[in-house]
Structure formats: C-alpha cells, structure tokens
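Worksheet for the structure shown next.
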Amino acid sequence: MKLTKIQIEELYKFTRKHYVEYYDVQTELVDHLANDIESICKENPSLSFEEARDISFKKFGVFGFMDVVQSKESQMTKKYFKLILKFMKEWFQLPKIALTFGLLFVFYEIQSLENAYEIYLSVIFGVFIIQLITVLLNRKKQQKKQQITKRRWLFESIIQTQGFGSIGLFAFYTVEFLLPNSSIAFSEMGLFRSVLSVFVITFFIIMSYISIVVIPKKATELLAETYPEFKLS
Amino acid sequence: MGNQKLYKGSLQTIILKLLETNDKMYGYEITQKVKELTKGELKITEGALYPALHKLEADGLLDVEIAKVGNRLRKYYKLTESGSKETANKLEEMQEFLKTMQHLVNPKLSLE
C-alpha cells in the first residue's frame, strides 16, 4: 500500500500536533512515518492508516519527536554561529579591518572622557534596543508569510529572530562579567581591562551588525543553500 | 536480542560505515539496513537515529540531498569529504576497541 497525498498531508498535521513546528523537520519525520506505516500495513493489512501511524509513532519513545526537534535546533544554531564567525573574519581582513581599527580607536579614546562609562552603557543598550525592534518587526513579517505559505523553516526563524537572542545573551554575560559595574570602577580600571572592554564593545557591535543586517540580507541565498527542498516544495 | 546499551556509543560509526558502503541513504533506510545486516540483533531507535544524523551533519561530516519520491519529499544523507576521512578514523578506533575488549574478556585467546 502506498500512502495517498491526503494521508501525507495528514502526517504533516500529525507532526504539527506533536509540537514539530518547522517544515524542514516535519518533512523528514513524515517520510520516515510514511515508510514505516507502509511496511506495517504490508505485514498486517487489516490495520487502518491511523492504527499503523500510532504504532509507528510509539517507536519514537515517550518523548515523541522532541529529541529530533532538539537535535535539529542545536545543529542549526551551530550552523548560525559558524556563519557569524565566517562574516566576522571579514572584519579582520582588508578593507574592513580599517573600520575595526577605527572602532577600537574610538572606544579607546572615549575612555579618557569623564562619562565614558555612561557612553559605553548607552551604546550597548542602544544596540540591544535595535535588536529587540528588529526581532519584533521580523516576527510580524514571518507570521504574515507563514499565513500564506503555511510553512515555517527552522533556519529562517533562527536568522530572523532567535539568533539575536543568543547574541544578546552572550553580550550580556560578557558585559556582566568582564566589565566593571560602576562609573568609578570603570575610570579606575587597569590597562588590561580597559583594552579588554574596548574589544568587547567593538566585537559586540560587529556581531550585532552581522546578525541584524548582513545575514538577514542574504537570507534567501542562505536558505536555498541550507534547504534544497526550498525549490522543490 | 543483545544488550542495546552496548551498541549505543557506536551509533555514529555504524551510520558512517553504512554511508561509506551505500553512497546515500535516508533515515528509514538506515534503520532497516541495520536490522537486516544484524538479523534483527540491533534495532536503531528512531529517537536516537535522527539526533545522531543531525549531529553528524552539524559537524560537517554529512551532506543532505532532497528528492521527490512519489508524493513526498525524501532527505538523503551522504558523506562529505571530511566525513569520509572521519569514517576511516572511527573504524580504526573501533578495531582498537574490539581488540582491547578481546584482551579484557578473553585474555587467553589474545595471548596467542
């Protein structure tokens, strides 16, 4: 017995019902279930499609599709950070390295100002706000698109919204643990910490720029690379 | 059926070896192939197979290909260049492991 198109659609719905939101993950699971259901029905023709489906689903264990979704998420997040690193490298090659040095120099100079600490904090906070606004705007855009296509892609979601969260968190911890936490301490820090803080803030700005501007701009290209099924579906 | 736990640490090596012999395979095919080769002794569970495949893909050892088969899409996995190299390493490690275990569980035999 070969499954019909309607039954395949049913399987997509079934995965959605079991908390698999993303089309790319759903597709792999649907094919797996379909193969298994076909072989179960062959061995036991009296079973209905639903019965065979439930038998097949049980093989995934008590957590159902959860492990599969989690492993896919961590794979894609890893891919995302590799991408960021790739773009970061450009900032240490000509011509962009000039800009990197420019930023480092500006932030080093700022430290000699009286309200250096406040300026640093405002810059970091400002970038956070921009990240937040971008996430909200992109989420709305994605929801609209999803209503039309009925599909969500995991990597797209990481590029447009989830990725910033990880970067924000990374920046938060770096600032929290590496930089002094008061204006006085900031003005009195030694050479090592003052150079470190210059690098931290510069990296944060570059990383944010890459995640907010560079990567989303190349989204279509990157998604087609990640998902060959982008064209097929 | 043997103790499935004993096989657990070897899942990645098994997948890599299968892909080395079969060029490209999809998830369900892998589970069936393992069952067939081991005459049902080893059953790779679905909940372990896909996370392992995703991990190998994340590490750049596997590449994917999508094909339309009948009325559905199928995802095939195949080895990348570094995947092929890693397969050789892992198989070597596995041989070492088997040898060491042999020494441990059957010292007399290994002395010869």
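Reckoned from all heavy atoms, side chains included, excluding hydrogens, waters and symmetry mates. In what follows, every chain begins at residue 1, and chains take the letters A, B, ... in the order their sequences are listed.
B/Pro51 and A/Ser71 make their closest contact through CA-OG, 3.2 Å (heavy atoms, listed as atom of the first residue, atom of the second, distance).
Taking CG from B/Asp59 and CD from A/Gln75, the interatomic distance works out to 9.0 Å, rounded to the nearest 0.5 Å. A distance of 8.0 Å separates NZ in B/Lys75 from OH in A/Tyr227, rounded to the nearest 0.5 Å. One distance of note links OG of A/Ser74 with NE2 of B/His54; it measures 9.5 Å at 0.5 Å rounding. Separating the CD1 atom in B/Ile66 from the CD atom in A/Glu28 is a distance of 8.0 Å, to the nearest 0.5 Å. Between the CG atom in B/Asn71 and the CD1 atom in A/Ile6 there is a gap of 10.5 Å [rounded to 0.5 Å]. In this structure, NZ on A/Lys59 lies 8.0 Å from OG1 on B/Thr31, to the nearest 0.5 angstrom.
A side chain to side chain contact (heavy atoms under 4.5 Å, CB included) with A/Asn35 holds for exactly one of B/Gln32, B/Arg72, B/Glu29; it is B/Arg72.
Put simply, of A/Asp36, A/Thr27, A/Asp24, A/Val69, the one with the most heavy-atom pairs under 4.5 Å next to chain B is A/Asp36. Interface check for chain A: of the options B/Ala48, B/Gly60, B/Ala58, the most heavy-atom pairs under 4.5 Å are formed by B/Ala58.
Sparse packing is recorded around CZ of A/Phe199, with 12 or fewer heavy atoms of other residues, nucleotides or ligands lying under 6.0 Å away. Counting non-hydrogen atoms of other residues, nucleotides and ligands closer than 6.0 Å to CD of B/Glu81 gives a total of 12 or fewer. No more than 12 heavy atoms of other residues, nucleotides or ligands shown are found within 6.0 angstrom of NZ on B/Lys35. Atom CZ of A/Phe92 has more than 12 heavy atoms from other residues, nucleotides or ligands within 6.0 Å.
In this structure, the portion of A/Lys78 lying under 4.5 Å from any heavy atom of chain B is its side chain and not its backbone. Residue A/Thr4 touches chain B through its backbone alone, counting heavy-atom pairs closer than 4.5 Å.
Side-chain contact annotation: A/Asp31 with B/Tyr28, donor-acceptor N/O pair under 3.5 Å absent.
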inquiry  = As a quick check of understanding, evaluate side-chain contact (heavy atoms from CB on, under 4.5 Å) for B/Glu57 and A/Met76, giving each step before the final call.
reply    = CA-CA 10 Å; B/Glu57 194 188 341; A/Met76 288 299 180; 5.5 Å; no
